Amino acid sequence: MAPKKKTNTEDYLRMYRQMVRIRAFEDNANQLYLSAKMPGLTHMYSGQEAVAVGICEALEDSDKITSTHRGHGHCVAKGAEFKQMFCELLGKEEGYCRGKGGSMHIADQSHGNLGANAIVGGSMGIATGAALSARRLGKKDVTVCFFGDGATAQGLWYEVMNMAALWKLPVIYACENNGYSEYTKTDEIAAGSITARAEAFGIEAHMVDGQDVLAVNDLAQKLVARARKGEGPFFIELKTYRYHGHHVGDINRDYYRSKDEESEWKKVRDPIANFGKWLESEGVVTADELVAINDEIRADAEAAVQYALDAGYPPANEVDMHVFAGVDHALAYV
Amino acid sequence: MTREITLSKAVNEAIAEEMRRDETIFLIGEDVAEAGTPFKVLSGLVEEFGTDRVIDTPIAEPGFMGIAVGAAMTGSRPIVDLMFGDFIFLVMDQLCNQAAKTHYMSGGKLSVPLVLRTNLGATRRSAAQHSQSLHALVAHIPGLKVALPSSAYEAKGLMKTAIRDDNPVVIFEDKLMYNDKAPVPEEEYLIPFGEANVMRQGRDVTLIGTSSMVQVCQKAAEILEKEGISAEVIDPRTIVPLDEETILNSVRKTSRAIVVDEGHQNFGITGEIASRISEKAFYHLDAPVQRMGAMDVPVPFSPALEDITVPTPEGVADRARLICRGELVHAA
Ligand SMILES: Cc1ncc(C[n+]2csc(CCOP(=O)(O)OP(=O)(O)O)c2C)c(N)n1
Ligand SMILES: [Mg+2]
């Protein structure tokens, strides 16, 4: 299968739109938290949009991804709709996980998203297993395992990389290095080089600017195509930045991250603004058209928020459904 | 002198006092130093004790748990901070195959004086991987002691005892209680393991509650009192060791018991305590001993579902009414 080529206007605009959709989703999610309309906490993906979009735009619907606690971006990028996402965020019946998962487990399973995960590194085995399964079943699917820089400390990663390399599995480990794990700088918790760790298993490793959607997408297309041919696994370290705190409640964070650093990234390295400027300079769109895209997506998101706020909670009798496959109600079974 | 402090502050004080007393104690875990943990329980400790004794780790739970076990076997007294009780699954081998068995396997020659402090409790809208109450899992393993503080007072006294114990001790704090205040003496005190606290005297039914469920039992007792049912409330404070005597004496008096715990009901703490009562006070019972645990489902995110998975004061009072009036046909 030839890789999709992102060389035409339509594909560029789709990437732009997808990044704006993630940002719009997150801004609304943050607002829901601040106005106490969202149960619990959530981890914002804002700032990292080019990673999820650049990679997922190189994937087919049947390709798989595994996501993280910071998973809204991956979910949108892999094809999810706002309505079911906001419903999930608010614990409503129409959410992708029927309200059982919430922010940290949000996923549109029908587009190959095997789940967001609240255990750091918890999806590394799952992604590798999906790749093994695709190969065994004669499918051409590739799996991308998203995780953060902090997750590289988990031993599980080294176990599965070893097996993925031994068995040449079609899996791509995508490390979103946003410089922090919770309230700690990556430099303080990661010894040596992260790419060298993958290389130690004979895995081809790449580093890419995670704020540049075209660079990410270009690399992803090549690696996905090669993984499909059995040349995997691969590792990508994507340098990126999260704009918000570790979670929405992490407001006073000067003690571990300066305001100057934050505003520098937002001003100079914003993946959406920079791509928009590039599209303009290449004559792909006008400034007015970009504004119109933004407005339309914002309106969409707001309508979906309202829809989700008005939507119903799951009925109480769902509480013991879906515990076991093939069992309607677990309490009557166990 | 007694003042009111939060559970969080109580834990912090206990650790600080013990660290001042004994230089071999150190703290290890994720974001324990400058951040003082996400719940801010350990704030200020790194400023006093330095990064040598308050050690931030990478997100490598089995790794730092194993390091703590080795350090404990060789003269240190580590306090391991596990951010969420749910992560205990990641450290199970080091905790249960290594720490718990070393003293036994070495014929008593080696010991593992460490504390694993972590938490339990649902209804924080954190979904299935950040809401579990997993103390039954470790209570099942011989060689591990398990403490379940139910207020700031217990949290401080039990923590100090845990730190001085020569065995691996796992302490589960209720994460919803970190900001709850309770009277705590300024003078030093320790709470011995295996001594239950009779929180309230009663005649008709014994409510045995652990951790987060102590308050639930207390509130249930208040509801019942208005209806003329007199409930005794007991907090075991540690489940390994378990103060059987206090529980049995109470049940011999009241003839009825309900055990309430936030772990899953099946194969859990409630079943263990209920069966000890049935074995040892059977002829004093007027009704089958009741178990009330968390519903046997993963903790759902949606508030509409999550709230019905955990025992409530009304639910406990309902059950008490049934057994006190002899209306219980069969246990729900
Ligand atoms: C096994 C495990 N340990 C600790 C945590 C708590 N925790 C949640 S997110 C996080 C930091 C993750 O950092 P990183 O992997 O870099 O992802 P980022 O948050 O930066 O996207 C931690 C420590 C967890 N959820 N799971
Ligand atoms: Mg990170």
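What you see is a predicted model; the values in this text were computed from it and never measured.
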List the atom pairs, donor and acceptor, that lie under 3.5 Å between side-chain atoms in residues 318-330 of chain A and the rest of the protein, sequence neighbours left out.
| residue | atom | partner | partner atom | Å |
| --- | --- | --- | --- | --- |
| A/Glu318 | OE1 | A/Arg98 | NE | 3.1 |
| A/Glu318 | OE2 | A/Arg98 | NE | 3.1 |
| A/Glu318 | OE2 | A/Arg98 | NH2 | 2.5 |
| A/Asp320 | OD1 | A/His329 | ND1 | 2.7 |
| A/Asp320 | OD2 | A/Ala330 | N | 3.4 |
| A/Asp320 | OD2 | A/Leu331 | N | 3.0 |
| A/His322 | ND1 | A/Lys100 | NZ | 2.8 |
| A/His329 | ND1 | A/Asn317 | O | 3.4 |

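For a residue to count as touching a neighbouring chain, one of its non-hydrogen atoms must lie under 4.5 Å from one of that chain's; by this rule B/Ala35 touches chain A with backbone and side chain alike. Only the side chain of B/Ile308 comes within contact range of chain A, judged by heavy atoms closer than 4.5 Å. Of the atoms belonging to B/Asn266, it is side-chain heavy atoms, and not backbone ones, that fall under 4.5 Å from chain A. In this structure, chain B has a heavy atom under 4.5 Å from the backbone of A/Leu90, while its side chain stays farther away. Interface residue A/Asn117: backbone and side-chain heavy atoms are both found under 4.5 Å from chain B. Proximity to chain A is limited to the side chain of B/Phe87, based on heavy atoms less than 4.5 angstrom apart.
Among A/Glu88, A/His105, A/Lys92, the residue with the largest count of heavy-atom pairs under 4.5 Å with chain B is A/His105. Between chain B and the options A/Gly40, A/Ala190, A/Ala191, the largest number of non-hydrogen pairs under 4.5 Å is found for A/Gly40. Highest contact tally toward chain A, considering only B/Ala304, B/Pro58, B/Ala33, B/Pro300, is held by B/Pro58 [criterion: heavy-atom pairs under 4.5 Å]. Per-residue heavy-atom pair counts under 4.5 Å with chain B were compared for A/Gly95, A/Pro315, A/Ser181, A/Gly102, and the maximum is reached by A/Gly102. Taking B/Arg125, B/Met295, B/Gln129 one by one and counting their heavy-atom pairs under 4.5 Å with chain A, the maximum is reached by B/Gln129.
Of the options A/His247, A/His246, A/His43, A/Glu176, a side-chain hydrogen bond (donor to acceptor under 3.5 Å, both in side chains) to A/Arg70 is made by A/His246 and by none of the others. The salt bridge (Lys or Arg N to Asp or Glu O under 4.0 Å) with A/Arg253 is formed by just one residue from the set A/Glu261, A/Glu182, A/Glu262; it is A/Glu262.
Proximity of a side-chain donor or acceptor of A/Ser123 to a complementary backbone N or O of A/Ile126 within less than 3.5 Å is not detected.
The heavy-atom pair separating A/Val51 from A/Gly210 by the smallest distance is CG2-O, 3.6 Å.
In this model, a donor atom of one side chain and an acceptor atom of the other lie less than 3.5 Å apart for B/Gln132 and B/Asp86.
Relative ring orientation between A/Tyr183 and A/Tyr255 is described as tilted, the plane-to-plane angle lying within the 30° to 60° band.
Every residue was checked against the side chain to side chain donor-acceptor pair (under 3.5 Å) condition with B/Thr57, not counting sequence neighbours, and none meets it.
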